[in-house]
Undergrad: 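Below you will find the structure I want to go over with you.
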Amino acid sequence: MNVFRYVSDLGDLPSALGEAFELKGDRFKYHDRGCGKTLLLIFFNNSLRTRLSTQKAAMNLGMNVIVLDVNQGAWKLETERGVVMDGDKSEHLLEAVPVMAQYCDIIGVRTFARFESREADYGEEILNQFIRYSGRPVLSMESATVHPLQAFADLITIEQYRRKARPKVVLTWAPHPRALPQAVPNSFAEWMRAADVDLVVTHPEGYELDPRFVGDVRVEYDQMKAFEGADFVYAKNWSCPGVTCREDYGKVLSRDMAWTVDSRHMAVTNDAFFMHCLPVRRNMIVTDDVIEAPTSLVIPEAANREISATVVLKRMLETL
Ligand code: AN0
Ligand code: CP
C-alpha cells in the first residue's frame with residue numbers, strides 16, 4: 001500500500017478486519033516487521049489520539065518514529081506554487097517535502113481543511129504534494145476531506161460490539177461553536193457503505209455531504225425519526241460541505257441545540273451504542289449522561305485507533 005486515504009486503498013476489507021482482530025489478540029505479533037524502518041509523522045494541526053496511537057502502532061511493529069509539529073519550531077511553509085515569498089513563510093513545501101523524505105521510509109500527514117477554497121480542500125492539495133514529491137508511502141492522519149484511520153477504527157469497533165449481522169448505524173450531525181471539517185463524516189460514510197451495515201445519515205438542511213462519500217445513502221432530516229431502532233449512533237459536527245450551496249462552504253449554518261444527542265434521542269433507539277471520534281464538546285455534541293452511559297463506546301473506539309494504525313503500517317511496510 002503506497003497511499004492510505006480511501007477504504008479501497010486497504011484492498012479486501014474482510015481480510016483487513018481479520019488482521020485487525022488478530023492484532024487485538026496480540027498487538028506485537030509483527031514486532032520485527034518494521035525493524036530499521038522510520039516513520040515520520042507531520043502535524044500541521046493539533047492531535048491527541050492520532051499522535052499517540054500512530055506512534056504506538058509503529059512501536060508495535062518495531063519501527064523508529066520521528067514527529068514534527070510544523071507550526072511549533074519548524075519554518076512556516078508556503079504551499080502554493082508561484083507565490084513571491086516575501087511574507088512570513090520561510091520555506092516552500094516543494095523543498096521541505098523531499099527533504100523530510102530523506103529521513104524516513106513512511107510519512108503520515110495531518111493537514112485539516114483550511115476552508116479558504118472548496119476546490120483546494122476537496123483537491124487534497126497538501127496531502128497530494130506529499131504523495132507527489134516525497135517518493136514515500138503516505139498515510140492521511142486526517143487530511144482536508146478524509147480521516148481513514150478513524151473510520152477504520154470505527155468499523156473495527158462496530159464489528160466488535162454489533163449484536164446483529166446488519167446493524168442500523170446512524171450518523172448524526174450535532175452542534176458545535178466552531179467550523180469543523182467534513183473529513184470524519186466523509187470517511188465514516190464511505191467506510192460504512194463498504195461494510196455491511198444499514199446506514200442512515202441525519203443533519204439539518206444545508207449540511208448534505210459530498211456524494212462521492214455518501215453515495216445514495218438514505219438522508220433523514222428528522223433526527224428523531226432517524227434514531228428509531230438504531231443499533232449505533234455516531235455523532236459528529238461538520239461545517240457546510242458546500243454541496244447544495246457552494247458559497248456556504250465551511251460555514252456554520254446551524255447552532256440548533258435540539259440536535260445535541262441526549263437521553264430523549266437515545267430512548268427511541270434499539271438501546272444503541274454511542275460513538276464519537278473525540279475530542280468531543282460535552283453538552284454541545286452529547287450530554288454528560290449519554291457519553292457516560294455503559295453504552296458509550298468512545299474509549300474502546302479510541303483504543304482501536306492503535307489497531308487500525310498497526311494494520312495500515314504493517315501493510316505499508318510490506319510494500320517497501
Ligand atoms: C477535528 C475535526 O472535526 O475534524 C478533529 C477530529 C478528529 N476536530 C476538532 O478540530 C475539534
Ligand atoms: N480522533 C482523533 O483523530 O483525535 P485527535 O484529533 O486527537 O488525533
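Position 1 is the first residue of the sequence; numbering continues from there. Counting convention: from 1, in listed order, for ligands and their atoms alike. Keep in mind the model is a prediction, meaning the values are calculated, not measured.
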Undergrad: For atom 6 (O) of ligand 2, what's the nearest protein heavy atom and its distance?
TA: Arg110 NH1, 2.7 Å
Undergrad: Backbone or side chain, does any N or O of His147 fall under 3.5 Å from an N or O of ligand 1?
TA: no
Undergrad: Atom 2 (C) of ligand 2: which protein heavy atom is closest, and how many Å away?
TA: Arg305 NH1, 3.3 Å
Undergrad: What residue and atom, counting heavy atoms only, is the protein's closest point to atom 4 (O) of ligand 2, and at what distance?
TA: Arg49 NE, 2.8 Å
Undergrad: Under 4.0 Å, counting heavy atoms only: does Glu142 come that close to any atom of ligand 2?
TA: no
Undergrad: Measuring from non-hydrogen atoms of Pro181 to any atom of ligand 1, is the shortest distance under 4.0 Å?
TA: yes
Undergrad: Determine whether any heavy atom of Leu278 lies closer than 4.0 Å to an atom of ligand 1.
TA: yes
Undergrad: When you compare the side chains of Asp289 and Thr287, does any donor N or O come within less than 3.5 Å of an acceptor on the partner?
TA: yes
Undergrad: Could you list the atoms of ligand 1 found under 4.0 angstrom from a heavy atom of Phe112?
TA: 1 (C), 5 (C), 10 (O)
Undergrad: Does the ring center of Phe44 lie less than 6.0 Å from the ring center of Phe112?
TA: no
Undergrad: Indicate, as side chain, backbone, both or neither, the part of Leu278 found under 4.0 angstrom from ligand 2 when only non-hydrogen atoms are considered.
TA: backbone
Undergrad: If we ignore angles and hydrogens, is there a donor and acceptor under 3.5 Å between the side chains of Thr269 and Glu228?
TA: no
Undergrad: For atom 10 (O) of ligand 1, which of the options Leu149, Leu180, Thr50 provides the nearest non-hydrogen atom?
TA: Leu180
Undergrad: Just to be sure I read this right, does ligand 2 sit under 4.0 Å from the backbone of His147, its side chain, both, or neither, counting only heavy atoms?
TA: side chain
Undergrad: Which residue supplies the protein heavy atom nearest to atom 7 (O) of ligand 2, what is that atom called, and how far is it?
TA: Leu48 N, 2.6 Å
Undergrad: Considering non-hydrogen atoms only, spot the tightest contact between Pro300 and Thr157 and give its length.
TA: O-OG1, 4.3 Å
Undergrad: Please check whether Cys277 reaches ligand 2 - meaning an N/O of the residue sits under 3.5 Å from an N/O of the ligand, judged on distance alone.
TA: yes
Undergrad: Touching ligand 1 at all, Trp238? Heavy atoms, strictly under 4.0 Å?
TA: no
Undergrad: Does the pair Arg114/Glu125 count as a salt bridge with the N-to-O cut at 4.0 Å?
TA: no
Undergrad: Taking only heavy atoms of Glu142, which atoms of ligand 1 are found under 4.0 Å from at least one of them?
TA: 2 (C), 4 (O), 5 (C), 6 (C), 7 (C)
Undergrad: Classify the ring geometry of Tyr207 against Trp238: parallel below 30°, tilted from 30° to 60°, perpendicular beyond 60°.
TA: perpendicular
Undergrad: Let me confirm one number: the CG-NZ distance from Leu61 to Lys56, rounded to the nearest 0.5 Å.
TA: 10.0 Å
Undergrad: Looking only at distances, please establish whether an N/O atom of ligand 2 is found under 3.5 Å from an N/O atom of Arg51.
TA: no
Undergrad: Does even one non-hydrogen atom of Lys236 get within less than 4.0 Å of ligand 1?
TA: yes
Undergrad: Can you check whether His147 and Phe188 have ring centres sitting under 6.0 Å from each other?
TA: no
Undergrad: Looking at Arg193 and Glu190, is there a salt bridge between them, counting it only when a charged N and a carboxylate O are closer than 4.0 Å?
TA: no
Undergrad: Taking distance alone, with N or O pairs closer than 3.5 Å, would you say Asn46 contacts ligand 2?
TA: no
